[in-house]
Amino acid sequence: MLKENTVRKQILMSVFNRLQELDEKRTGGIREFIIGTAEVESAVAPIIARCMEGIVKAGESINEKEDSFKVIERYQSGFTPPTDIPFDDLSKQNLDSSSDSRVQSSHFTVKGTISTRVKKRPAIFSFFGSNKVSA
């Protein structure tokens, strides 16, 4: 039994020693990774600084007025802007004509003249479909 305990202790000690070696190896790998990362960062820093200088120069060379003019020149069509579309202000409608369900509206024809049409306004219930079937 004493010999068995001694063997168990030796096995346990070798397991602990192996675990310690693995942990030391893992820690060494982390150390190498940190050092490598710092070296790469140091090597890239001057390149990044030059890129940032180029970005600042490009930003300083922007001319708002000239860029706006270039966009207008490129995308202008040459057509004159359309005129405003006339509309009837229904909020200032006569109280006497409020019971009338017709609305008079002016429309431009193809030739550019104004035509006046009278159209009947649909009742509010016409918006909802009818489910009644006539027999």
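All values derive from a computational prediction rather than experimental measurement. Keep in mind that the numbers below use all heavy atoms, side chains included, and drop hydrogens, waters and symmetry copies.
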Verify the cluster assignment for Ile48 and Val56: are they in a single hydrophobic cluster under the rule of side-chain heavy atoms below 4.5 Å apart? no

Scan for salt bridge (Lys or Arg N to Asp or Glu O under 4.0 Å) pairs involving residues 12-24, sequence neighbours excluded, and state none if there are none. Arg18-Glu21, Asp23-Arg26

Stepwise salt bridge (Lys or Arg N to Asp or Glu O under 4.0 Å) test for Glu66 and Lys70: CA-CA 6 Å; Glu66 184 179 332; Lys70 285 179 182 178; 3.2 Å; yes

Only counting residues at least two apart or in another chain, list the ones meeting side chain to side chain donor-acceptor pair (under 3.5 Å) with Glu64. none

Nearest heavy-atom contact between Pro46 and Ala43 is CD-O, 3.5 Å

Residues at least two apart in sequence or cross-chain that pass salt bridge (Lys or Arg N to Asp or Glu O under 4.0 Å) with Arg8, listed by chain then number, are Glu4

Heavy-atom donor-acceptor pair, Ser68 side chain to Lys65 backbone, under 3.5 Å: no

Should we count CD of Glu73 as having more than 12 external heavy atoms under 6.0 Å? yes

Just wondering, do Leu12 and Lys9 contact through their side chains at under 4.5 Å, heavy atoms? no

Are Leu22 and Val15 linked, directly or through other ILVMFWY residues, by side chains that come within less than 4.5 angstrom of each other? no

Could you give the distance from CD1 (Ile55) to CD (Glu53), rounded to the nearest 0.5 Å? 10.5 Å

Hey, what do you get for CD (Glu39) to OG1 (Thr37), rounding to the nearest 0.5 Å? 9.0 Å

